[in-house]
Amino acid sequence: MDISLLLKMAADAEPERIGLTCDGRNWTYAGLWAAATGAAVEIAKSGASHVALLDTGSEAAPIALIGAALAGVPYCPLNYRLADADLGALIARIEPAFIIGDVARVNKLAPGGKHTVLTRADFVKQAEAVAAPEREAGEGEGIAVQLFTSGTTAAPKAAILRHSNLVSYILGTVEFGGADPAEAALVSVPPYHIAGIAALLSSIYAMRRIILLPAFDPNVWIELAAKEKATNAFVVPTMLSRIVEALGDGSNMPDLSHLKAIAYGGGRMPVELLVRALDLFPNTGFTNAYGLTETSSTIALLGPDEHRAAHKSDDPKVLARLGSVGKPLPTVELEIRDEEGRILPPGEAGEIYVRGDQVSGEYRERSALLPGGWFPTRDAGYLDDEGYLFLSGRADDVIVRGGENISPGEIEDVLLAHPAIADAAAVGVPSTEWGEAVAVVIALKGEHPGEAEIKALIRDRLRSSRVPEKIMVVEALPYNEMGKLLRREVRRLLATG
Amino acid sequence: MKSGSKLKSAVCDTEVLLVKAPAEGVLSCGGAPMVAERGEKGTIDPAFSEGTKMGKRYTDATGSIEALCIKPGAGSLALNGVALHLKDAKPLPSSD
């Protein structure tokens, strides 16, 4: 089984239905399929070992994704926001590649490389010219997608997803043709992110029209959602924050009443922001999706009914679920384990392990899967007694103070509840007494409450071991472009500041 | 049978992808064993003529097999002569 089958089925079922809208042009499923078959011809002819996309989102992304599958070559979208040196190193790792997008940049970063390089327009034009739509979907068992991890802690790893992983994910979570003809999903996540790939495959298989927004801007997002009558959207927390900010008190809000579902994921969602969004979009169902590149996207989700129930609840335990990522998918097994690998009971935090057909856990260099197929995610978290999963950061981010494990998230949550604190990060810093001690970096939105007040707040709400030994104030915390906090940068600030 | 492989009906247009397959057994459509490559089409057994639906998944009572319909046809599916039924799809909210 091969991911090209997902598009082929849509093209066979309703060839003339619109599957994609981008820059004012509509693509039918038959049109996308034809272009993908042509792309496969060009890719095979080039002899490339990888198909890379160095470009913002456009029709070229699904055409290259499916074309690469048909040609039996991994699709490897690249992060065009990377600095030259970092991007150059990644391009060298995929030589010889068939690269679509920024021709000038590739020529500058990889002069003399054995690559085939085309602009987006030339790629699409050639693919349409040599289309062979009569061909069957492939039966490839190999690698469908290779994604370089964002490398917030170390050098980027080349995560690989096999056709079997992605097909299992889609078949397990999406009903074929399940979308009604009026449905349309606004896709604004970049093509090099797992959420960007999952959005294309899920929407194609559900036959939900994709509206591509190539570069996210909150006002353009709002305009496009209104104009195209988007019914679904996926956003990362930073995007939602900017959309909510742009809508203000909602008095000048355009008609977004057809927006029936907003899914979010890819980072920590502040509860305060979520509550504002629930108030601004009272008739929209919110879904929190938790997943990793290595798990083919979503492995746990908190659905719309659970959001509304928590939002309206007086029970602190139910209300707390707004901060949960929900329950594991029925097709995924999930366990919390301690450092010795023992399974932990509800309420106890440890590392999240998952298993399932959609879980790859593989990198180019090695597989991280353990015997029995379990993947240690390196994410820390716990389950409540009804099976709701709560994240408490990366396992590597846990602060170990005198043998006690402290999750940065619990400290950050308390700090963020203070009216004068806009943003907060807690990290471990070397301590001769404790091995590691807690240090926090905060950004303010009011007058500095003073170190004594901050320390007292943490002591009262948590306990004395959580009280920071060092408090630093900055203008803004360091994030990458997907809204992921760069903790190594926070540690560097503390070491130098 | 092997999971991941495609099979065609010998008597109608049905094609399926085996998402899950038992090691032993015969999958039939319209009363005739399914094949990798279709020759001259035979006739459909009226006992297996309810048809297959595009994109639907079919399974048996024990869940030993799961066949995804990738082309619909007039015949219906059976494993070792026992009719398969539609797999209950538990709809999940869209998360991408």
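Sequence lines set the chain letters: A, B, ... in the order given, protein chains first and strands last, and positions in each chain run from 1. Computed over heavy atoms, backbone and side chain alike; hydrogens, waters and symmetry mates excluded.
Residue contact with chain A, scored on non-hydrogen atoms closer than 4.5 Å, involves the backbone and the side chain of B:I70 alike. Residue A:I262 does not touch chain B at all, counting heavy-atom pairs closer than 4.5 Å. Only the side chain of A:Y205 comes within contact range of chain B, with at least one heavy atom under 4.5 Å from a heavy atom of that chain. Proximity to chain B is absent for every atom of A:A206, based on heavy atoms less than 4.5 angstrom apart. In this structure, the portions of A:T173 lying under 4.5 Å from any heavy atom of chain B include both its backbone and its side chain. Heavy atoms closer than 4.5 Å to chain B are found in both the backbone and the side chain of A:A198.
From B:S94, atom OG reaches atom CD of A:E175 across 13.0 Å, with rounding to the nearest 0.5 Å. Rounding to the nearest 0.5 angstrom, the gap separating the NZ atom in B:K20 from the CG atom in A:D357 is 10.0 Å. Interatomic distance, B:S95 OG to A:Y169 OH, rounded to the nearest 0.5 Å: 3.5 Å. Going from atom CG of B:L92 over to atom CG of A:L301 covers 6.0 Å, rounded to the nearest 0.5 Å. Between the CD1 atom of A:I194 and the CG atom of B:D96 there is a distance of 8.5 Å, given to the nearest 0.5 Å. Atom CD of residue B:E15 and atom CE of residue A:M9 lie 11.0 Å apart, to the nearest 0.5 angstrom.
Interface summary for chain B: among A:V167, A:V235, A:L5, the most heavy-atom pairs under 4.5 angstrom belong to A:L5.
More than 12 heavy atoms of other residues, nucleotides or ligands sit less than 6.0 Å from atom NZ of B:K6. The environment of CG in B:D88 is sparse: at most 12 heavy-atom neighbours from other residues, nucleotides or ligands sit within 6.0 Å.
Heavy-atom neighbours of chain A within the stretch residues 56-68 of chain B, taken at a separation under 4.5 angstrom, comprise B:K56, B:R57, B:L68. The interface of residues 43-53 of chain B with chain A, defined by heavy-atom distances below 4.5 Å, is empty.
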